[in-house]
Trainee: 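One structure coming up, written as structure tokens, with questions to follow.
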Amino acid sequence: MATLQLNNIVKDFGGTQVIKGVDLEVKDREFVVFVGPSGCGKSTLLRMIAGLESTSDGDILIDGQRINDVGPAERGLAMVFQSYALYPHMTVEDNMGFSLKLAGVSKEERRQKVLEAARTLQLEPLLDRKPKALSGGQRQRVAIGRAIVRNPSIFLFDEPLSNLDAALRVQMRIELARLHDELDATMIYVTHDQIEAMTMADKIVVLQGGVVEQIGSPMELYHHPRNRFVAGFIGSPKMNFMTVEVVDRRGEGVTVRLPGGGVCNVPVGSNHLDVGKNLVLGIRPEHLVLDDQGPLVGVVQVIERLGGSTALYVQMEETEVIALTDGNTAHQVRDKARFGFASSRAHLFGADGLALPSLQRHPLADIYRKDNRTHTETSNY
Amino acid sequence: MTASKRWLPLTFKIALLTLLLLWTLIPVVWMVLSSFKPNNIITADTPRIFFTPTLEHYASLFSGGNSLWPYLLNSLFIAGVSTLIAVVLGCMAGFGLSRIRIKGKQHLAFWIISTRMAPIAAVIVPLYLLFRYLYLLDTHAGLIVAYLSFNLPFAIWLMTAFFDDLPPDLEEAAMIDGATKLQAFRYVVLPLMTPGLVTTAILCFIFAWNDYAFAQTFSGPSTQTIPIAAAQLLTQTGIDWGKLLAIGTIVVCPMAIAGLLVKRWLVQGLTLGAVK
Ligand SMILES: Nc1ncnc2c1ncn2[C@@H]1O[C@H](COP(=O)(O)OP(=O)(O)OP(=O)(O)O)[C@@H](O)[C@H]1O
Ligand SMILES: [Mg+2]
């Protein structure tokens, strides 16, 4: 049981504000991911929660208690560092049992708890080794094991998978998601990898320059990005942007003229929009479809065949657009290609970068993780 | 062609190293060997390498009216205590200097090490006057303070470098595991600092152990150290070569062994795979 609340917290490093007033509410047993480009303050924010960095302004509350002035040892959290930070002079068992030793737990009880965690992580054969004698993936698991043994109210992870190779990363991602299910714990996870964010999170916090750009479920961020930054950051390949002109705003939605002259009615709200004004239209690569009658036309520059899908890099007037098409696409480089898209998939952004609000909410946007406990209880009936 | 290019400098390097080794080792080896020779062989016109060894010089050093024992104990006590203080304070100051975030930290660190840069000759007279006012002449404390004035900045500087090499992640992990700052230091930092502490301790000890200038100026009858004893053997009536060589061996050997130890510790990595 643990909730976390950040009230307008600020971090000042000798005059430069690195965290510029962040508000956040983390519910009990939620998996929250902080994501953002390098240097945006993710680690700093996590370290402030851990108590490793002081808070220059604002309040941090765990279970409703203000803990700004509580030391890291008393916050009852566990953290997995990017560097793993295993104690090199201790065996795996001592590494994992260190927090219990500090808490004065007896040797047998300590051993039993360590064994229990080691079993979950398949670490039993390694308990007598020193960290030096472990592979990267094994060190990673020991670091997670050390956190589990502590039985914390909240788990904190700072880019725990970034030192692993791609295959192991996918495996550990799944293992962590499973652990979250099993442990029923609140977890906060920092990454700059938006795929990790999308796949693991109940709630994603997108940060940029020390400011929260948007907080929401993965599907909400994908379908209803609040601004151009989030739209471009979430999703891979990146969303395409092109300048369009408002031609009509009567009736439902906004009608815009696309590059190449086609028009399209996007179902978004249109307060105070003048006809003739320029907007930015965003459309994801996977939502562009090859269509001989489509409004967008360009010349294929590069083709990336991934097997199941094919990415076409297309030059349309002055903008380059990526389209993710079927794997059987027969296009060649320098071919002309015509695309269409469902207008409900398009996004419109004003000059300030903010998205115009969609008229319909995506049905999956508000689906959050199932409550694990209620789930198991009901399945018992 | 490339092989000979590489080969030539290698032979050159080996030749140079051999020369250097001979240059440094021959006097020491000769001293140690000769300290076991009977007097007539030491002063013989033709140097001899093979002889029946004798311990007579060592025996006479530790017996009779002017035994070496008090000098040896003085040396051990003064060098030991000043080293202990330098390492303990140096460890704490180095940790602070390495971890604390303050403006102008480098300047502070440089100022500390710069106090080590003054030549001994420059501080000896002011220190003498100071010690006379403070009644520290001919006391163990006086010499300990004198050695500290050189060893402490050195220890701080060296320990800071060792702490800089130790990632703060480890202490932070310990604190999140529930350790107080002191516990994190005790259970995580200190064990990993052993090589640094041993290295610093040995280097500080060598400085105090080998010193002649301070001991000559500040010590009195009750606080003289081994180098002073050695000097006393150069009397106006003649030089007792046997005893002198034996003292030299006693002074050099522990330090030579310590030197080898430092090397072993220095070579050993500090972090041992803590951080990938
Ligand atoms: N101790 C410090 N003193 C001054 N500035 C700092 C300090 N620590 C971090 N910063 C600055 O704060 C900003 C945010 O750093 P932070 O480590 O939180 O970024 P991050 O989002 O975790 O980036 P990355 O993805 O590269 O890990 C950076 O601009 C960094 O230079
Ligand atoms: Mg970071």
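Here is the naming used below: chain letters follow the sequence lines, and residue numbers restart at 1 for every chain.
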Trainee: Quick one: NE2 on A/His89 to CE on B/Met193, what's the gap to the nearest 0.5 Å?
Mentor: 11.5 Å
Trainee: How long is the gap from CD on B/Glu172 to CZ on A/Phe81, to the nearest 0.5 Å?
Mentor: 5.5 Å
Trainee: About how many Å separate OH of A/Tyr84 and CG of B/Asp169, when rounded to the nearest 0.5 Å?
Mentor: 12.0 Å
Trainee: Heavy-atom pairs under 4.5 Å with chain B: which of A/Glu53, A/Lys101, A/Lys130 has the most?
Mentor: A/Glu53
Trainee: Where is the tightest heavy-atom contact between A/Leu102 and B/Gly178, given as atom of each residue plus distance?
Mentor: CD1-C, 3.8 Å
Trainee: Any luck finding a side-chain donor-acceptor pair between B/Tyr187 and A/Asp94 under 3.5 Å?
Mentor: no
Trainee: Tell me if the CZ atom of B/Arg99 is crowded by more than 12 foreign heavy atoms within 6.0 Å.
Mentor: yes
Trainee: For the CG atom of B/Asp177 and the CG atom of A/Leu77, what is their distance to the nearest 0.5 Å?
Mentor: 11.5 Å
Trainee: Heavy-atom count around B/Phe110 CZ within 6.0 Å, excluding the residue itself: above 12?
Mentor: no
Trainee: Who wins among A/Pro72, A/Gly51, A/Ala147 for the most heavy-atom pairs under 4.5 Å with chain B?
Mentor: A/Pro72
Trainee: Nearest 0.5 angstrom please: A/Arg75 CZ to B/Met175 CE, how far?
Mentor: 11.0 Å
Trainee: Quick check: are there more than 12 heavy atoms from other residues, nucleotides or ligands sitting under 6.0 Å from CG of B/Leu182?
Mentor: no
Trainee: May I ask you to check whether over 12 heavy atoms, not counting those of B/Leu17, lie within 6.0 Å of atom CG?
Mentor: yes
Trainee: Got a second to check how far B/Ile176's CD1 is from A/Arg146's CZ, nearest 0.5 Å?
Mentor: 9.0 Å
Trainee: With only heavy atoms counted, which part of B/Gln183 is less than 4.5 Å from chain A, the side chain, the backbone, both or neither?
Mentor: side chain
Trainee: Between A/Arg47 and chain B, with a heavy-atom cut-off of 4.5 Å, which part of the residue counts as in contact: side chain, backbone, both or neither?
Mentor: side chain
Trainee: Which heavy atom in B/Ala174 sits nearest to a heavy atom in A/Phe98, and how many Å separate them?
Mentor: CB-CE2, 3.9 Å
